[in-house]
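Step one of this worksheet: look at the structure below.
For the single chain, residues carry numbers from 1 onward in sequence order.
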Amino acid sequence: MSTPHANALRLVLCFLGALTGCTGGSGDSTATQGSSTSATTTGGEAPTTGAPSTGTSATTTASEPTSTTSGTTSGTDSDGTTTGEDTGGFVDPVESPFGIASSHSSSQILDVWAASIAATGITWLRGIDNSQPEARLDTAEANGWQVAGILYYSKESPGTFPVDDLPGWTAFITELLGKTKGRMVHWEVWNEPPNFTENKTPAAYATIVQSAYETAKAVDPAVQIGLAAQSNHVNWLEQTILAGAAGHFDYVTVHPYEILDLVEHGWEAEYMSIVPTLRKMLAARDPERADAPVWFTEIGQPVTADISAEQQADTLIKAYTMAIAQGVARVHWFEGRDGDSGPFGLITGDDALRPSYTAMTTLIERVGALPKYRGWLVPDGQYHGFLFAGDDGPVMVAWARPEVAVEVTFPAPVQAVDPRTSEVSEVTAFPLTAAPVIFVGVPEELLAEAIDNRAKPFPWGGDFTDASELGYTAADGDSGLHPLGAADIVMIDGEPARDIGGRPAQSFTVDPNFLSYDTVPIRIEAVLRRSGAESAGFNLKYESVSGYKSTGEWYTIPEGDGWTVAAWEIDDPQFVGKWGYNFAFDSDSTQHSQYSIRSVKLTKV
């Protein structure tokens, strides 16, 4: 439950907006991997979008070959509840990944909207009103749902981890699980920690996780305990495990709203890196839990003045398709019916069905309640396609990259299904846009190609797994290093430059195949120029082993009309994309951001 989720999300988005300014994209690179043999594409390429970031401090240069992360994996549950037979090398689920989440207010009127949401094919609910669990479970079970709960208890207001009241905490868990025994198996500890608590230390959270695990297993050994985090806070999860939670959880939950928001700008690779990055952390910090199921217990998008109901439907299709593709065991869309968090629902507060309702229904119908994911395609960087083995032949969920006009052709007729409306047409050629389409009965050759790609690093303008360095230039765009947000490209003395003057900060994300989770020394080098006589400068902020931090030194861009080279060496980066970016040039305000960037380069030292 997300009490008060809307306020928390607004704060997150305000923070992200402060760093990024706006949400358009720029850059010119295109993917090079996964060209199709059975479907051809024609059309113009457009610039890809940028990606987020943060920064660091110092001087000097070096280079070394790089490697690391991010291939897609199939999802399995360590408790055996969602894993099917291994057929032809693939482990298919025996329980549905399709779930819905509920706000606090909506959970109190579950009987009003449960039947409508159940009609989509969703079979999981996350979050019920714990004050009346039996009544809520009656409603859920009547609609064919399994329920995952949240353990939240505090005598304090607005709330704090009950480390000073462990007897009260254990009594609360014992009583609640006694009421739900045999009816609810999955419980995550807290909602979005360290949100909704005054005590925000990983050690405090680890204490209540340990207690919850031991208490729950004593009540019912079948109970599964979830380790939770706000957003994609891998660093929080790691610190919690190191503080004593190791071995005291059965699955891991994250709420990657912010990373999902960036997918429409061409950041599919960042979203696809969530589970691989979590797997690296778990393998390093709690090897016995390295394969613990990963759940997205909240993910979603509100309908606003800037986000149409149709865009929400598109986002839902992408969110579920790519979550399943990277091995997420359960995805809970927030939420079913609009509640106290705002217009996030598949259904409005007046019980009108949004296009996202139809999209959910159509996706489940076409890929199946137990989707058999097989692999991906990124032909010439033109579009993304995710292949499933369906009862009526291979099924591909596909969409074009931003601002790319592409026509997909097939050697024989296939069904093209519009998720927003569920309308079906028979086509041999289809003009693909950023709005996802489900193709049913695509050629077996496409399926074979997708299977071959499955274990490869997911490309983002290419595969940078073994690159020695990454870069961005205003002239050529991004090459493994992606700036977040739209910016004007201006000509200065005949050279293209990215004008930063309209935003308080410029953020970047690093291709996760180049560097994700691993802590290795890096060097960031930027070619900069002040715009006029006003003071210009920034703090370099970056994701580190202790979370986002600043180098602590304000960098002032020298006066004059020439280009200057600034360099920082960082020895403790830990790029995991909590908010979707890895480092930033943070000027605090536009007063100090009157400068331009010609290029930025990142090298492993």
Side-chain angles (χ1 to χ4, degrees), residues 69-84 90-101 121-126 146 148 186 188 192 224 226-234 237 249-263 267-282 289-301 315-334 360 363-364 367-376 384 386-388 397 454 458 512 516 576-578 580:
T69 90
S70 198
T72 57
T73 60
S74 62
T76 61
D77 275 14
S78 62
D79 64 3
T81 59
T82 63
T83 327
F90 299 107
V91 180
D92 294 321
V94 296
E95 288 186 346
S96 172
F98 296 104
I100 204 75
I122 285 172
T123 57
W124 279 86
L125 170 68
R126 183 261 188 174
Q146 296 185 68
H186 296 86
E188 61 189 296
E192 300 182 346
Q224 303 288 291
L227 191 67
Q230 64 170 191
S231 303
N232 185 45
H233 203 339
V234 179
L237 293 167
F249 61 93
D250 301 294
Y251 63 108
V252 175
T253 77
V254 292
H255 293 181
Y257 286 96
E258 297 76 23
I259 297 177
L260 177 63
D261 287 341
L262 299 172
V263 166
W267 291 21
E268 284 86 352
E270 182 78 3
Y271 186 85
M272 288 288 289
S273 74
I274 295 171
V275 171
T277 301
L278 281 166
R279 291 268 173 258
K280 291 187 72 174
M281 183 276 290
L282 291 170
R289 297 293 194 272
D291 295 324
V294 174
W295 293 25
F296 292 174
T297 48
E298 279 187 33
I299 195 164
Q301 186 177 58
T315 299
L316 180 147
I317 295 292
K318 294 176 183 180
Y320 276 86
T321 298
M322 291 190 291
I324 293 167
Q326 65 184 288
V328 179
R330 201 89 62 231
V331 183
H332 292 268
W333 184 264
F334 186 86
M360 180 75 85
L363 180 65
I364 296 173
V367 303
L370 305 175
K372 300 175 181 178
Y373 172 68
R374 293 296 179 259
W376 53 264
H384 291 88
F386 296 87
L387 275 289
F388 298 82
V397 184
R454 180 181 176 125
F458 194 82
S516 177
V576 295
K578 175 188 174 183

One thing to verify: whether Glu95 and Arg330 come together as a salt bridge, which I'm taking to mean a side-chain N less than 4.0 angstrom from a carboxylate O. yes
Closest non-hydrogen atoms of Tyr320 and Gly99, given as atom of the first, atom of the second and distance, are OH-O, 2.7 Å
Test the Arg454-Trp376 pair against the cation-pi criterion, namely NZ or CZ under 6.0 angstrom from the six-membered ring centroid and within 45° of the ring axis. no
List the residues meeting side chain to side chain contact (heavy atoms under 4.5 Å, CB included) with Ala323, not counting sequence neighbours, and say none if there are none. Tyr271, Phe296, Val328, Val331
Side-chain contact, heavy-atom cut-off 4.5 Å: Thr321 with Leu363? yes
With heavy-atom distances below 4.5 Å as the criterion, would you say the side chains of Tyr373 and Leu387 are in contact? no
Please name the pair of heavy atoms, one in Asn232 and one in Val576, separated by the smallest distance, quoted to 0.1 Å. ND2-O, 3.2 Å
With rounding to the nearest 0.5 Å, note down the distance linking OG in Ser516 to CD in Glu270. 8.0 Å
Minimal heavy-atom distance between Gly121 and Ile364, with the atoms involved, is C-CD1, 3.7 Å
If we check side-chain contact (heavy atoms from CB on, under 4.5 Å) with Ser231, which of these qualifies: Glu192, His255, Glu258? Glu258
Taking the side chain as every heavy atom from C-beta outward, state whether Ile259 and Lys578 have any pair of such atoms under 4.5 Å apart. no
Under a 4.5 Å cut-off applied to non-hydrogen side-chain atoms, are Met281 and Leu237 in contact? yes
When you measure from the side chain of Arg279 to the backbone of Ala290, do you find a donor-acceptor pair of N or O atoms at a distance under 3.5 Å? yes
Test side-chain contact (heavy atoms from CB on, under 4.5 Å) applied to Thr297 and Trp124, step by step: CA-CA 10 Å; Thr297 48; Trp124 279 86; over 6 Å; no
Note, Val367 side chain near Phe386 side chain (heavy atom, < 4.5 Å): no
With a 4.5 Å heavy-atom cut-off, do Pro293 and Val252 have their side chains touching? no
Mind running side-chain contact (heavy atoms from CB on, under 4.5 Å) on Phe334 and Tyr257 for me, showing each step along the way? CA-CA 10 Å; Phe334 186 86; Tyr257 286 96; 3.3 Å; yes
Would you find a donor on one side and an acceptor on the other, under 3.5 Å apart, between the side chain of Gln326 and the backbone of Val275? yes
Hey, what do you get for CD (Gln301) to CG (Leu316), rounding to the nearest 0.5 Å? 9.5 Å
Test of understanding: with side-chain hydrogen bond (donor to acceptor under 3.5 Å, both in side chains), list the residues that count as partners of Thr123, not counting sequence neighbours. none
Quick one, Phe458 and His384 - any side-chain contact, counting heavy atoms below 4.5 Å? yes
Identify, with sequence neighbours excluded, every residue that meets ring pair (Phe, Tyr, Trp, His ring centres under 6.0 Å) alongside Tyr251. His186, Trp295
Validation row: Arg289, Leu227 side chains within 4.5 angstrom (heavy atoms): no
Ile122 versus Met360, closest heavy-atom pair with distance: CD1-CE, 3.6 Å
Measuring from atom CG of Leu262 to atom CD of Glu268, what distance do you get when rounded to the nearest 0.5 angstrom? 10.5 Å
Think Arg374 forms a cation-pi with Phe90, using NZ or CZ under 6.0 Å from the six-ring centre and within 45 degrees of its axis? yes
Heavy-atom closest contact (Leu125 atom, His332 atom, distance): C-CE1, 3.8 Å
Nearest heavy-atom neighbours spanning Ala101 and Glu298: CB-CG, 4.2 Å
If you count the non-hydrogen atoms of other residues, nucleotides and ligands that lie under 6.0 Å from NZ in Lys372, is the total more than 12? no
